[in-house]
Every structure is written in structure tokens, then in C-alpha cells.
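Down below is the structure, laid out as C-alpha cells.
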Amino acid sequence: MRGGPTVDVPSLLDPEFPLRIKQIGAALAAAAVVLTVAAPAQAASRIIPLDLAAGQQPENIALEPDGSADLTFAYSGEIGRVTPCGQVGVIARIPVPADGDVPVVHRKLFLGGIVRAPGGNLYVAVSTGTVATGLYRVRPGTTPVQVAALPPTGFQNGVALDPASGDVFVADSFGSVVRRVSPRTGRVTDWATGELLAPVSGFGANGVKVHDGALWVSNLDRGTLVRFPLTGAPGRVVASGLGPVDDFAFHGADVVAAINQENRVVTVGHDGVRTVLSISDGLANPTSVAVRGDTLYVADSAYFGGTPNLLRARLK
């Protein structure tokens with residue numbers, strides 16, 4: 001397992017941060033072969049096991065006000081909910097099309113990102129390789145509704161809500177694009193495109209978050225985190241050398257990121273890149289993270305072995 005290098009990395013919110021990116025990227029790359037031990041757990045983590053045989057492979061997380069975690073189960077079409085006491089249930093199902101064929105993974109359906117709007121609606125990115133591909137609105141207890149169609153040739157992955165407009169950003173991991181979708185009108189626009197979002201041989205743009213006046217996007221193949229100002233100014237790489245980075249979240253001025261195939265969760269901040277959870281803590285292909293206060297939620301999909309689970313731990 002490749003550990004996180006310790007280098008002098010300023011806060012991502014520091015206005016001088018972009019000026020030092022090139023140096024930092026080189027330092028990260030040089031240090032990437034150094035094996036390190038995960039930082040000691042700040043408090044006992046709790047692992048809530050999920051049922052692999054039932055298709056409970058969690059791809060993404062949205063948190064409810066009561067501390068429950070809503071999870072997309074990647075290939076089953078189900079949206080699950082894990083209560084604070086650890087009970088697991090299904091709150092909605094998106095039909096799996098008989099003729100579905102998601103590009104590259106060749107499954108009938110893939111559920112990607114999930115985000116919760118202030119009124120309680122959930123928005124989920126769905127890929128099928130058919131006209132059923134799109135952004136869906138989910139209200140527990142009702143039938144999910146496709147609010148916008150998206151290209152069947154794409155792989156719809158991370159989603160993020162723009163709190164100012166209510167629009168949803170959707171990352172297409174194959175299309176080198178992040179699209180802006182209006183759930184009210186169904187209008188879809190290509191909001192950001194280009195090489196910063198492009199894959200190398202597999203998955204490009206992956207996780208997305210709106211934070212501090214910008215849209216932040218992870219690129220799994222390139223091991224980078226990119227910041228696109230919401231003003232429309234050009235995007236730029238703000239962290240590199242991260243490995244196969246999937247979803248991420250913010251904890252104060254730091255980024256907390258899931259490094260999927262390496263079975264790590266890292267923080268990126270003023271003290272560099274640090275591994276805070278590893279396979280020894282129960283990780284099995286972490287696909288997504290969520291943070292509320294100092295509580296960290298990690299979804300482990302077990303795509304490449306192990307047992308899927310939802311892990312909760314404390315951050316400093």
C-alpha cells in the first residue's frame with residue numbers, strides 16, 4: 001500500500017496556494033513511494049456491515065439532519081438508509097432496465113452520486129447505457145422521477161448541489177465534463193470541460209463538491225483535485241499525486257479524500273497529505289466520504305475484495 005507523503009502543503013483555502021501547486025505536486029510525486037503508517041485513530045471507529053450478496057455496495061453518501069446516512073447501492077438500483085443506531089433499510093428503488101449496458105463496466109445500471117436538497121429531496125445520478133440515464137429525484141416512499149436526461153454514453157458519477165440556484169452539478173467520468181442540471185426545468189448545460197477532467201485510461205472526473213465559491217472536482221486517473229471558480233474563471237489543479245482519488249469532503253480548511261484502490265482515506269492540508277484510515281481500520285475500496293462536525297462517514301464498496309460497510313470515525 002502506498003502511504004501519504006508528508007510535505008509542506010498550505011491550506012487549500014490560502015490565496016497563495018495556487019502559486020505553490022507546481023512545487024507541491026513535484027514533492028508529492030517524489031514522496032509517493034514512501035511507506036507511512038496511518039495516523040492513530042482519534043476515537044474508536046464503528047463499522048456497520050452491509051450485505052454484499054444483496055448488492056449493498058455503497059457508492060456515495062448523503063447525510064440526513066438526524067445523522068442517518070443515505071447510500072446509493074451501485075448496481076442494485078436501491079437507495080439505502082443507515083440510521084444512527086446502525087439499522088439498514090431501503091428507502092427507494094430505481095428500476096434496472098432489462099436492456100441496460102453501462103459503458104465500460106457493462107452492468108445494467110450504476111447509481112453514482114447522491115445529494116440532499118434543503119427540503120429533503122434527494123438527487124441521484126443514474127447510468128444505464130439507455131435513455132433511462134439521467135438525474136433522478138428521490139422522495140422516500142414515492143417512485144423516483146427522472147428530472148433530466150443525460151447522455152447514455154457517459155458514466156454519471158459524483159453530484160453536488162449549488163445552494164444559490166438549486167441546480168445540481170454532475171460529473172461524467174468518461175466524457176471529460178461536469179454538467180449543470182436544473183431539476184426544475186430539466187435543462188442540462190456543459191459547465192466545465194477539458195483535459196483537467198479527462199480520464200487517462202479509465203475514470204476522469206469523479207467526486208464533485210461546491211465549497212468556498214468554487215466547484216471542486218477529483219480526477220481519479222490523474223490523482224488530482226481541481227478547483228473551478230463559480231464565476232466561470234478557468235479551473236486549476238490544487239492538489240496532485242493523490243493516487244486513485246474518488247469522492248472527497250471538507251473538514252475546516254482540509255480536504256478529506258477516499259483513495260479507492262489503495263484502501264486509504266487521507267487528509268490534505270497545511271501539514272501535507274496524511275493517511276488517517278487504512279485497510280487495517282476496515283476499509284475495502286472506499287468510494288465516498290461525508291463529514292459532519294468532527295464525524296467522518298466512509299462508504300466502502302468492496303468492488304475488488306473485502307466486505308462492504310459504512311464506517312464512522314472521529315476527526316481531529
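All heavy atoms count here, side chains included; hydrogens, waters and symmetry mates do not.
Counted by atom type alone, Arg312 and Thr295 present zero donor-acceptor pairs between their side chains at under 3.5 Å. Checking Arg264 against Ser278 by side-chain atom types alone, no donor-acceptor pair falls below 3.5 Å. Defined by atom type and a distance below 3.5 Å, a donor-acceptor pair is missing between the side-chain atoms of Thr307 and Asn309.
Two residues are said to be in side-chain contact when any heavy atoms from C-beta on lie closer than 4.5 Å; Val289 and Ile61 fail this criterion. Arg137 places none of its side-chain heavy atoms less than 4.5 Å from the side chain of Pro144. Residues Val291 and Phe250 have side chains not in contact (no heavy-atom distance under 4.5 Å, counting atoms from C-beta outward). Between Asn219 and Phe203, every side-chain heavy-atom pair lies at or beyond the 4.5 Å cut-off. Proximity of Phe155 to Val104: side-chain heavy atoms (C-beta onward) are nowhere separated by under 4.5 Å. At least one side-chain heavy atom of Ile79 sits less than 4.5 Å from a side-chain heavy atom of Ile94. The shortest side-chain heavy-atom distance between Phe248 and Ser218 falls under the 4.5 Å cut-off. Here the side chains of Leu296 and Val265 are in contact, with some heavy-atom distance below 4.5 Å.
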Taking distance alone, no hydrogens or angles, what donor-acceptor pairs closer than 3.5 Å link side-chain atoms of residues 145-152 to residues at least two apart or in another chain?
{"unit_1": "Gln146", "atom_1": "NE2", "unit_2": "Val131", "atom_2": "O", "d": "3.3"}
{"unit_1": "Gln146", "atom_1": "NE2", "unit_2": "Ala132", "atom_2": "O", "d": "3.4"}
{"unit_1": "Gln146", "atom_1": "NE2", "unit_2": "Thr133", "atom_2": "O", "d": "2.9"}

Can you give me every donor-acceptor pair (side chain of residues 187-198, partner residue at least two apart or in another chain, under 3.5 Å) with its distance?
{"unit_1": "Asp190", "atom_1": "OD1", "unit_2": "Arg179", "atom_2": "NE", "d": "3.3"}

Residues 158-169, side-chain donor-acceptor partners within the protein, below 3.5 Å, at least two apart:
{"unit_1": "Asp162", "atom_1": "OD1", "unit_2": "Ala164", "atom_2": "N", "d": "3.2"}
{"unit_1": "Asp162", "atom_1": "OD2", "unit_2": "Ser165", "atom_2": "OG", "d": "3.0"}
{"unit_1": "Asp162", "atom_1": "OD2", "unit_2": "Arg180", "atom_2": "NH2", "d": "2.2"}
{"unit_1": "Ser165", "atom_1": "OG", "unit_2": "Asp167", "atom_2": "N", "d": "3.1"}
{"unit_1": "Ser165", "atom_1": "OG", "unit_2": "Arg180", "atom_2": "NH2", "d": "3.0"}
{"unit_1": "Asp167", "atom_1": "OD2", "unit_2": "Arg180", "atom_2": "NE", "d": "3.0"}

Going by atom type alone, with no hydrogens or angles, which donor-acceptor pairs under 3.5 Å involve a side-chain atom of residues 107-121 and a protein atom two or more places apart or on another chain?
{"unit_1": "Arg116", "atom_1": "NE", "unit_2": "Glu64", "atom_2": "OE1", "d": "2.9"}
{"unit_1": "Asn121", "atom_1": "OD1", "unit_2": "Arg139", "atom_2": "NE", "d": "2.8"}

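Think of Val177 as one node in a network of Ile, Leu, Val, Met, Phe, Trp and Tyr side chains linked at under 4.5 Å; it has no links at all.
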Side chain to side chain contact (heavy atoms under 4.5 Å, CB included) assessment of Val273 paired with Leu242:
CA-CA 8 Å; Val273 179; Leu242 299 177; 4.2 Å; yes

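For the pair Ala92 and Val138, the tightest heavy-atom approach, listed with the atom from each and the gap, is CB-CG1, 3.5 Å. For the pair Ser301 and Pro58, the tightest heavy-atom approach, listed with the atom from each and the gap, is CB-O, 3.5 Å. Closest non-hydrogen pair, Thr130 versus Pro97, comes out as OG1-CG, 4.4 Å. The two residues Val245 and Ala257 come nearest to each other via the heavy atoms CG2-CB, 3.9 Å. For Gly67 against Pro84, the heavy-atom pair with the smallest separation is C-CG, 3.9 Å. The shortest non-hydrogen separation linking Gly243 to Ile259 is C-CG2, 4.3 Å.
Considering Thr287, Asn260, Asn285 in turn, Asn260 is the only one that fulfils the side chain to side chain donor-acceptor pair (under 3.5 Å) rule with Asp246.
Annotation: salt bridge (Lys or Arg N to Asp or Glu O under 4.0 Å) contacts of Asp300 (sequence neighbours excluded): none. Pro140 is linked by a side-chain contact (heavy atoms from CB on, under 4.5 Å) to Arg81, Ile91, counting only residues two or more places apart in sequence or in another chain. Residues satisfying the ring pair (Phe, Tyr, Trp, His ring centres under 6.0 Å) test with Tyr136, not counting sequence neighbours, are none. Applying the side-chain contact (heavy atoms from CB on, under 4.5 Å) test to Ala98 and every residue at least two apart in sequence or in another chain returns nothing. The ring pair (Phe, Tyr, Trp, His ring centres under 6.0 Å) check on Phe228 picks up nothing, with sequence neighbours excluded. Checked against ring pair (Phe, Tyr, Trp, His ring centres under 6.0 Å), Tyr123 has no partners two or more places apart in sequence or in another chain.
The structure places CG of Leu50 at 6.5 Å from CG of Leu71, a figure rounded to the nearest 0.5 Å. Separating the CG atom in Asn206 from the CG atom in Leu225 is a distance of 11.5 Å, to the nearest 0.5 Å. With rounding to the nearest 0.5 Å, the separation of CD in Gln261 from CG in Leu220 is 5.5 Å. Atom CG of Leu311 is separated from atom CD1 of Ile47 by 5.0 Å, given to the nearest 0.5 angstrom. Taken from CG in Leu283 to CG in Asn263, the straight-line distance is 6.5 Å, to the nearest 0.5 Å.
The cluster map of Ile, Leu, Val, Met, Phe, Trp and Tyr, joined by side-chain heavy atoms under 4.5 Å apart, puts Ile48 and Leu63 in the same cluster. Hydrophobic clustering (ILVMFWY, side-chain heavy atoms < 4.5 Å, transitive): Val126 and Leu135 are in distinct clusters. Phe174 and Val200 fall into different hydrophobic clusters, defined by Ile, Leu, Val, Met, Phe, Trp and Tyr side-chain heavy atoms under 4.5 Å apart, directly or through other members. Cluster membership check: Tyr297 shares its hydrophobic cluster with Val88, using side-chain heavy-atom separations under 4.5 Å among Ile, Leu, Val, Met, Phe, Trp and Tyr. The hydrophobic cluster containing Leu277 also contains Val256, counting ILVMFWY residues as joined when their side-chain heavy atoms lie under 4.5 angstrom apart, directly or transitively.
The main-chain N or O of Gln156 is found under 3.5 Å from a side-chain atom of Ser127 such that the two form a donor-acceptor pair. In this structure, the side chain of Trp216 does not engage the main chain of Val210 through any donor-acceptor pair within 3.5 Å. A donor-acceptor pair under 3.5 Å links the side-chain atoms of Ser76 to the main chain of Glu78, judged by distance alone. A donor-acceptor pair under 3.5 Å is formed between the side chain of Ser173 and the backbone N or O of Ala205. The backbone N or O of Ala74 sits nowhere less than 3.5 Å from a side-chain atom of Glu59 that would complete a donor-acceptor pair. In this structure, the side chain of Asp247 does not engage the main chain of Ser288 through any donor-acceptor pair within 3.5 Å.
The aromatic rings of Tyr75 and Tyr303 lie tilted to each other, with the angle between the two planes from 30° to 60°.
Residue pairs meeting the ring pair (Phe, Tyr, Trp, His ring centres under 6.0 Å) criterion with at least one partner in residues 79-108, sequence neighbours excluded, do not occur; the list is empty.
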